[in-house]
Amino acid sequence: CRVEAAVHKSRSGDASGSGWQVCVTCGQGFTGQMRMGLAEAWWGTVQDLDEASEKRQTAGTILASRLDEMGRHAESEAMARELRAVQQRMPGPDSRTAMNTAHILGNALFSQKKYVEA
């Protein structure tokens with residue numbers, strides 16, 4: 001039911017993805033496995049969109065962050081690198097999403113002791 005609620009909110013024009021991160025009923029942020037599961041579900045709904053679309057970029061950045069939070073650093077790194085490659089070709093490579101993605105990539109690299117790259 002959480003995924004259905006998030007999809008509904010997303011279809012109503014919410015590009016920020018708040019329905020995937022915050023309960024639409026009580027306004028509290030999701031945590032743990034629910035937070036991770038919703039990030040994966042959100043990515044599943046947008047991964048076939050144009051790689052430069054705002055929804056796809058935002059969902060991918062959130063998923064990369066959640067992967068890193070769950071200790072899945074290599075997966076987070078791969079997702080962040082994929083997103084950064086697209087972001088660097090887009091106008092405005094210094095957007096908020098691009099900066100968040102760069103930060104997530106740095107965290108994932110640091111967690112894997114890839115200090116030079118981080």
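- Leu83 and Phe110 are members of different hydrophobic clusters when ILVMFWY side chains are connected at heavy-atom separations under 4.5 Å.
- Applying the salt bridge (Lys or Arg N to Asp or Glu O under 4.0 Å) test to pairs two or more places apart or on separate chains, those with a residue in residues 16-36 are Arg35-Glu69.
- To the nearest 0.5 angstrom, Ile62 atom CD1 is 12.0 Å from Gln57 atom CD.
- To the nearest 0.5 Å, the span separating SG on Cys23 from CG on Leu38 amounts to 10.0 Å.
- Closest approach of Gly19 to Ala6, counting heavy atoms only: O-CB, 3.3 Å.
- Under the 4.5 Å side-chain heavy-atom criterion for ILVMFWY residues, a single connected hydrophobic cluster contains both Met70 and Phe30.
- Smallest separation of non-hydrogen atoms from Leu105 and Ala80: CB-CB, 3.7 Å.
- A search for salt bridge (Lys or Arg N to Asp or Glu O under 4.0 Å) contacts involving Arg72 returns Glu40, Glu75, not counting sequence neighbours.
- In this structure, the side chains of Ser95 and Gln87 stay at 4.5 Å or more apart for every pair of heavy atoms.
- Atoms CE and CZ, from Met79 and Arg66 in turn, are 12.5 Å apart once rounded to the nearest 0.5 Å.
- Thr61 pairs in a side-chain hydrogen bond (donor to acceptor under 3.5 Å, both in side chains) with only one of the listed residues (Thr97, Asn100, Thr101), which is Thr101.
- In this structure, Glu77 CD and Arg81 CZ are separated by 4.5 Å, a value rounded to the nearest 0.5 Å.
- Interatomic distance, CG of Leu109 versus CG of Asp68, reported as 9.5 Å (0.5 Å rounding).
- Proximity of a side-chain donor or acceptor of Arg56 to a complementary backbone N or O of Gln47 within less than 3.5 Å is detected.
- In terms of heavy-atom proximity, Ser65 sits nearest to Ile104 at CB-CD1, 3.6 Å.
- Using a 4.0 Å cut-off between charged side-chain N and carboxylate O, Glu51 and Arg84 make no salt bridge.
- For the pair His73 and Ala108, the tightest heavy-atom approach, listed with the atom from each and the gap, is O-CB, 3.7 Å.
- A donor-acceptor contact shorter than 3.5 Å links the side chain of Ser76 to the backbone of Ala64.
- Here CG of Leu63 is found 11.5 Å from CH2 of Trp20. Values are rounded to the nearest 0.5 Å.
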Quiz item: Going through the distances and angles, do Glu54 and Leu49 end up as a side-chain contact (heavy atoms from CB on, under 4.5 Å)?
Solution: CA-CA 10 Å; Glu54 181 181 3; Leu49 296 177; over 6 Å; no

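- Thr58 contributes no side-chain N or O that, together with a main-chain N or O of Lys55, makes up a donor-acceptor pair within less than 3.5 Å.
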